[in-house]
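Atoms within a ligand are numbered from 1 in the order they appear, just like the ligands themselves. Bear in mind the structure is a predicted one, so any value in this text is a computation, not a measurement. The analysis underlying the following values was restricted to heavy atoms, covering all of them including side chains, and did not include hydrogens, waters or symmetry mates. Just so you know, residue 1 is the first one in the sequence shown, and it goes up from there.
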Amino acid sequence: MFVSKNLNVNSEGHLTIGGIDTVALAKEYGTPLYVMDENLVRCHCKSFKESIDKFYGGNGLVCYASKAFACKEMYRIVADEGLGVDVVSSGELYTAMAAGTDPKKICFHGNNKTIDEINMALDYGVGRIIADNIYEMKTLDSLCRESGRTADILLRIKPGVDAHTHNFIRTGQIDSKFGFALETGEAFDAVKFALECKNLNFIGLHCHIGSQILDTQGFEAAAEVMLTFIKKIRDELGTEVRDLNLGGGFGIQYTEQDDPLPYEEFMKAVSIVIHEFCEKNNIPLPFILIEPGRSIAAPAGITLYTVGCKKIIPNIRTYVSIDGGMCDNPRYIMYQAAYDAVVANKASEPKNTTVTIAGKCCESGDLIGENMPLQECEPGDIIAVCATGAYNYSMSSNYNRLQKPAVVFIKDGKSRLAVKRETLEDLIRNDL
Ligand SMILES: *Cc1c(COP(=O)(O)O)cnc(C)c1O
């Protein structure tokens with residue numbers, strides 16, 4: 001009935017998340033409100049971690065791609081589950097460290113890390129820096145030299161495999177701002193360059209082929225391409241590559257149309273390719289890293305809103321307006337992302353209407369979705385939008401000077417505030 005397995009309906013006909021009444025949550029904390037189910041986050045962390053144990057004998061690390069949803073509480077939870085994290089900026093790195101993340105388990109990504117960010121990563125002792133380009137390697141090498149340090153680096157590779165939901169394409173994929181292209185020889189030259197940098201310790205390769213991928217073939221193809229490159233490096237340069245980081249991108253169910261595979265299926269399919277290739281070519285099994293973001297956070301979250309005005313335009317459509325929108329969920333205006341919504345206080349009623357859920361910003365495109373099946377609703381009703389745990393809070397903005405919603409975590413029947421709702425005073429804090 002619901003896209004996420006933690007959602008249900010109670011005896012009052014109210015939507016529940018992790019067994020907690022969402023209408024009561026809206027009343028207690030106000031709306032718009034992000035609600036994250038800690039148990040489900042932990043359950044996703046465990047399933048990825050267990051598949052590393054099962055398919056690689058524990059010889060690997062799951063790094064949560066924290067851009068999906070980042071706040072101190074989330075970093076604490078994933079660390080407690082034994083995961084590492086990906087960060088792509090000083091802000092994510094700072095938050096991760098403030099939450100007590102082990103720096104050795106941090107992968108630092110980004111196509112344009114600033115000198116300040118690189119220094120910060122070196123000062124914290126970040127375990128892996130994913131180098132994106134030659135300029136970055138030169139900068140990193142000289143910053144290391146100046147401070148008498150060395151850095152462990154992986155190189156970001158464009159494997160020429162580009163996955164989009166149900167299929168993947170083998171493209172040149174040269175036209176991407178991330179990483180080094182394989183087929184032009186750029187990636188091989190980058191490895192040679194890395195090996196020449198005295199203060200850099202080249203330990204591995206990284207790729208990330210896309211997001212919301214619902215099929216295993218793209219991952220299998222990418223693993224094969226990356227291992228072929230590892231073999232070439234071994235054969236031609238005499239260097240064994242220790243780490244193979246295969247990125248994230250595992251798809252989740254947003255609506256009934258999506259039919260994602262259990263995460264273990266992805267892991268299993270890829271592990272078969274890796275084991276076969278390594279055995280056949282006498283290559284030691286690399287240390288495997290994966291970087292799930294969306295798949296850990298998205299299904300665990302919902303957003304609660306209060307309905308305001310309703311505008312019925314005869315023969316055209318019905319707009320139901322809510323007290324949030326593109327500021328807290330920009331995924332519709334950015335990519336027409338599809339979501340499932342429920343009137344939380346009428347969750348046991350049938351979805352008899354089809355509506356457009358509109359936000360309150362001064363943009364016509366500020367919608368949560370069009371043609372959404374929904375229960376009949378009135379002003380004051382609570383709407384829950386499902387599977388909003390990833391790329392909502394982390395992409396939120398203050399457009400129209402709206403205040404960012406609070407984030408509440410729930411666990412074992414209890415709720416607690418993890419991020420306070422912004423105040424009007426917060427909005428002018430930095431204004432002079
Ligand atoms: C965004 C990103 C991820 C996570 O992608 P999801 O689709 O959220 O799993 C992992 N690795 C890198 C390098 C990324 O940029």
Side-chain angles (χ1 to χ4, degrees), residues 36 41 44-45 47-49 51-52 60-70 74-75 78 83-89 91-93 96 105-113 121 126-133 136 153-159 161-166 168 173 176-180 204-216 218-219 222-223 226 243-254 258 260-263 265-267 270 288-301 330-331 334-335 337 387-395:
M36 292 292 284
V41 169
H44 299 148
C45 292
S47 76
F48 281 112
K49 193 155 183 281
S51 51
I52 291 279
L61 182 66
V62 183
C63 289
Y64 166 60
S66 66
K67 68 172 194 248
F69 178 91
M74 187 68 172
Y75 285 110
V78 299
L83 271 60
V85 293
D86 276 13
V87 300
V88 295
S89 69
E92 287 179 358
L93 178 55
K105 288 187 177 175
I106 296 179
C107 289
F108 189 23
H109 286 274
N111 65 306
N112 192 23
K113 304 173 188 78
V126 161
R128 291 175 176 86
I129 296 180
I130 321 301
D132 175 272
N133 55 76
E136 179 185 336
I153 64 162
L154 281 74
L155 299 189
R156 174 145 189 175
I157 305 299
K158 302 178 200 184
V161 174
D162 199 0
H164 296 281
T165 62
H166 275 303
F168 73 95
Q173 211 209 15
S176 161
K177 70 170 183 172
F178 295 109
F180 300 100
L205 300 173
H206 169 274
C207 69
H208 172 69
I209 59 169
S211 202
Q212 184 56 10
I213 302 166
L214 297 167
D215 220 289
T216 64
F219 287 106
M226 296 295 279
D243 284 5
L244 175 58
N245 186 329
L246 294 166
F250 312 100
I252 68 124
Q253 185 172 18
Y254 280 106
D258 301 325
L261 286 171
Y263 306 147
E265 294 299 311
F266 287 105
M267 299 294 292
V270 173
I288 301 294
L289 294 109
I290 55 160
E291 307 173 319
R294 184 191 313 275
S295 48
I296 286 180
R331 292 189 68 252
M334 286 196 335
Y335 357 84
T388 56
Y391 305 112
N392 275 237
Y393 173 61
S394 64
M395 286 185 162

Of Arg294, Lys67, Glu291, His208, which has the heavy atom at the shortest distance from atom 15 (O) of ligand 1?
Lys67
Should Tyr391 be listed as contacting ligand 1, given a heavy-atom distance under 4.0 Å as the test?
yes
Give a yes/no verdict on whether any heavy atom in Gly249 is under 4.0 Å from an atom of ligand 1.
yes
To the nearest 0.1 Å, how far is atom 7 (O) of ligand 1 from its closest protein heavy atom, and which atom is that?
Ser211 OG, 2.3 Å
Looking at [Y], I'd like to know if the NZ or CZ of [X] sits under 6.0 Å from its six-membered ring centre while staying within 45 degrees of the ring's axis.
X: Lys158; Y: Phe180; value: no
X: Arg294; Y: Phe69; value: no
X: Arg156; Y: Phe178; value: yes

Distance filter under 4.0 Å to [X] heavy atoms, resulting ligand 1 atoms:
X: Ala65; value: 3 (C), 4 (C), 10 (C)
X: Arg156; value: 13 (C)
X: His206; value: 13 (C)
X: His109; value: 13 (C)

Would you call Lys113 and Glu136 a salt bridge, taking side-chain N to carboxylate O under 4.0 Å as the test?
yes
Is the shortest side-chain N to carboxylate O distance from Arg128 to Asp243 below 4.0 Å?
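A salt bridge is present here (some side-chain N lies under 4.0 Å from a carboxylate O).
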Polar-atom distance check: Gly293 versus ligand 1, any N or O pair below 3.5 Å?
yes
Any sub-3.5 Å donor-acceptor pair from Ser66's side-chain atoms to Val85's backbone N or O?
no
Backbone of Gly247 reached by a side-chain donor or acceptor of Asn245 within 3.5 Å
yes
Between Asp86 and ligand 1, which part of the residue brings a heavy atom under 4.0 Å of the ligand: side chain, backbone, both or neither?
side chain
